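Read the structure below first, then the notes.
Everything numeric in this text was worked out from a predicted model, so none of it was measured.
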Amino acid sequence: MVKEKLNDNQLAAVKTANNRALVIAGAGSGKTRVLTHRIEELINQGASAYSILALTFTRRAAGEMKERLAGMLTDRDVRKMEVSTFHSVCLRIVREIGELLGYRRNLSIYDDIDRRDVLAAVIGNLGLRRVSVKAAVAYLEATAAGEALHDDDFLKLEQLKSAIREYRNILRQYNALDYTGLLEAATHLLENYPNAREHYGNIWRHVLVDEFQDTDELQVRFLRALAPETLFMVGDYRQSIYQWRGARPQLLFDFSEEQGAARFDLSLNYRSVPEILELANRVIDEGGGGRYGKSLEPVRVSGSELQVEACRFEDMVQEAEFIVERISCLVQDCGYGYRDIVVLARTNRMLEGFAQWLRDSGREQDMPFVRIGKMAEFWKKEEVRLCVNILKLLHNPHNNQALKSIFRTLKIEIPDIKLHEWQARRHGVPLVRYLAAADEPGHLAQAGAFCDVIGRYGRNPSLSLGFLFGEAVNAWDVADFYRQRMLTSRVENIRRAGDHILDRGGDLEGFLEWHAFRDLQDELEGARHEDKVKLMTVHAAKGLEFPVVFLMNVVDGQIPHRRSNYEEERRLFYVAVTRAADSLIITSSLTGENGKPQEPSPFMANCATGAAK
């Protein structure tokens, strides 16, 4: 059965007897197939499904892997194994044994906005004039990755250390961790508590890692500390595009060499026609990327139509009109559905400009579309974030950052709040309870109403999430707050947030975990069955494939982006090209915004480009 589905190189990787293996899986080479068959092979060899941990970087990838496994294994086995993201697994560990570090199970996960707010408060309260929030964030990330930061300004460095110490103390008081701190805490538990390392090492004896090129130093530390019996790593240096968030491409090879991993190269591409692969190989080889893996070899044959097209236009309006007209032809004359087509761009700003032009010009009816990324913007809206903070406080009443954010948004001023926070801590109660019980005037009827909600419903897992949302948000009179200010669109957004939460179902803890780790590809699930063109950034499209790809605004300064690492931008272009299966249409214009002249991307130097139109 396995031999019929796998080519020789895939089969060799799946069947390897080496306890450490690195699979260099080129784009479209069947890496998910190899991972799922490796899991099947472990089960066939007698491994317990409980002993398998498969790590991915998006929930969508984890879901796809589970779907494939469901067709290969019993439902019982699929339910037993852990197929998840690094962050979700680390959250499980900290929830289960985080009390060793002073954390309760109902801890909160702080996003980048929460982190910046707390750091800003810390820097202000300590009077650290030489320290910025940006510098403090960089210091946090560097120390978590085990890097030593050097600065000739000794006083600044000491102030940074003071800020981070206080920041971590506050998060522990609030029973909270940020994304980096979550990975750091789980890794610390494995590294410094032998019983914890033995416990989880015995549970997850077989670990598989997808997209290994996206790991950072901290995630590698986690794997090293877990020290599983077998470690199966799949990745592709040429698709490493997250250096800006800590992923170091060379880590793929450094760690596999340290582990003594056997290497397997998958170069047969089952996705794209030869002309697309020719462009991808040429661009990546010019940057030396080919030395880390074999060039992609096509399995498919060329079609009768033009497979790769590069067109330049006088301006961006002509470029946009061409994209719409070509898509109409593809749908009407070539048998494609709108859902088969994606329009990619380097930046969200470019996509939003294109989407707005479609709406303003009335062309949306000619090209129905869904903008992947709009929901991420929705969850960041002030009123929606307010509702989520209320749910966070309901789940974890010690989350004073959520409470202060609620106060700030609702324009509630609490005199001497630092003193009240200290008093609440001294009495061992959450600040919201302390304020609700205070006799002083002006102390918040809403806090009392909210504490009633906590007392009645906060620990009842059988209650629906939608009901909890309504009760908790009503306790703070949120809708009335915006109605009184005639902000009807914000009231509507609160209703929409409630609908989204109701549609998700599940419990409060599950929703907050989803919200903390949501990513752009989650939006694809909602748009999966809509017959609409997808508009998304190249970063968001990583790991996906489409029959037809339009890559727009391919000009110098955009891709490669003027503020990014040049070789990483080359890899990003490679990722964009290899998303296409049947056709790739690359567009650019001679003039950009405000009529400024634009030069074509240097990555297009060897690609025949149509004349400006």
Side-chain angles (χ1 to χ4, degrees), residues 108-121 124-125 170 174-176 377-424 429-458 465-501 508 511-512 515-516:
S108 300
I109 304 301
Y110 282 3
D111 60 19
D112 292 339
I113 297 174
D114 293 322
R115 178 167 67 174
R116 288 196 299 269
D117 287 348
V118 175
L119 282 169
N125 291 338
I170 287 175
Y174 294 176
N175 192 35
E377 295 170 14
F378 174 78
W379 289 110
K380 290 180 181 178
K381 289 181 181 294
E382 175 197 89
E383 61 276 15
V384 178
R385 191 171 175 80
L386 169 63
C387 294
V388 173
N389 274 322
I390 290 171
L391 289 179
K392 287 180 179 180
L393 189 63
L394 180 64
H395 181 248
N396 171 20
H398 288 274
N399 187 350
N400 289 356
Q401 175 57 30
L403 179 61
K404 291 175 184 177
S405 180
I406 292 167
F407 287 159
R408 187 167 56 249
T409 305
L410 294 178
K411 314 298 183 190
I412 297 171
E413 293 188 12
I414 305 295
D416 301 320
I417 191 167
K418 282 189 261 185
L419 175 61
H420 291 306
E421 192 170 9
W422 179 81
Q423 291 280 13
V429 297
L431 176 60
V432 67
R433 287 193 184 280
Y434 180 82
L435 291 173
D439 294 329
E440 300 171 37
H443 274 96
L444 227 48
Q446 293 105 311
F450 183 72
C451 286
D452 287 344
V453 174
I454 294 175
R456 281 180 288 158
Y457 309 124
L465 183 55
F467 176 80
L468 282 176
F469 175 85
E471 291 290 301
V473 170
N474 287 340
W476 289 101
D477 298 328
V478 171
D480 286 343
F481 172 81
Y482 287 112
R483 283 194 195 99
Q484 289 170 13
R485 287 159 176 78
M486 306 295 287
L487 299 171
T488 54
S489 63
R490 298 195 179 191
V491 177
E492 174 60 19
N493 283 336
I494 293 167
R495 186 197 64 75
R496 282 183 62 202
D499 289 344
H500 286 302
I501 289 170
L508 178 59
F511 166 75
L512 291 177
H515 183 269

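- Not counting sequence neighbours, the partners of L465 by the side chain to side chain contact (heavy atoms under 4.5 Å, CB included) test are I501, L508, F511.
- Annotation: the span from H500 atom NE2 to R495 atom CZ amounts to 9.0 Å, rounded to 0.5 Å.
- Here the straight-line distance linking atom CD1 of I406 with atom CD1 of I412 works out to 8.5 Å at 0.5 Å rounding.
- Identified under the ring-ring contact (aromatic ring centres under 6.0 Å, His included) test for residues 467-489, with sequence neighbours left out: F450-W476, Y457-F467.
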*After noting the C-alpha distance and the side-chain angles of I390 and L393, does the key distance pass the side chain to side chain contact (heavy atoms under 4.5 Å, CB included) rule?*
CA-CA 5 Å; I390 290 171; L393 189 63; 5.8 Å; no
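- Closest heavy-atom contact between V384 and A497: CG1-CB, 4.2 Å.
- Summarising the geometry of V491 relative to A479, their closest heavy-atom pair is CG2-O, 3.9 Å, with the distance given to 0.1 Å.
- In this structure a side-chain-to-backbone donor-acceptor pair under 3.5 Å is missing from N400 to L403.
- Taking each heavy atom of H395 and L512 in turn, the nearest pair found is CB-CD1, 3.5 Å.
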*Quick one: do R408 and D117 satisfy salt bridge (Lys or Arg N to Asp or Glu O under 4.0 Å)? Show the steps, please.*
CA-CA 12 Å; R408 187 167 56 249; D117 287 348; 3.3 Å; yes
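- A donor-acceptor pair under 3.5 Å links the side-chain atoms of T409 to the main chain of S405, judged by distance alone.
- Going from atom CG of L391 over to atom OG of S108 covers 11.0 Å, rounded to the nearest 0.5 Å.
- Atom CG of D477 is separated from atom CG of L410 by 8.5 Å, given to the nearest 0.5 angstrom.
- A side-chain donor-acceptor contact under 3.5 Å links N396 to the backbone of Y174.
- No donor-acceptor pair under 3.5 Å is formed between the side chain of N474 and the backbone N or O of E471.
- Atoms CG and CZ, on D480 and R485 in that order, are 10.5 Å from each other to the nearest 0.5 Å.
- The minimum heavy-atom distance linking I417 with K404 is given by the pair CD1-CG, 4.3 Å.
- Nearest approach of P397 to P430, heavy atoms of both residues: O-CB, 3.3 Å.
- Annotation: side chain to side chain contact (heavy atoms under 4.5 Å, CB included) contacts of E377 (sequence neighbours excluded): R371, K374.
- Rounding to the nearest 0.5 Å gives a distance of 4.5 Å between CD of E382 and CZ of R490.
- A donor-acceptor contact under 3.5 angstrom links the side chains of Y110 and N399, judged on distance only.
- The aromatic rings of W379 and H515 stand perpendicular to each other, their planes meeting at an angle above 60°, with 30° marking the opposite boundary.
- Between N493 and E383, the side chains place a donor N or O and an acceptor N or O closer than 3.5 Å (distance only, hydrogens not considered).
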_Working note: K392 + Q401, criterion side chain to side chain contact (heavy atoms under 4.5 Å, CB included); need CA distance, chi angles, decisive distance, verdict._
CA-CA 10 Å; K392 287 180 179 180; Q401 175 57 30; over 6 Å; no
_Would D112 and R116 count as a salt bridge (Lys or Arg N to Asp or Glu O under 4.0 Å) here? Give the steps._
CA-CA 6 Å; D112 292 339; R116 288 196 299 269; 5.2 Å; no
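- The shortest non-hydrogen separation linking I113 to R385 is CB-NH2, 3.3 Å.
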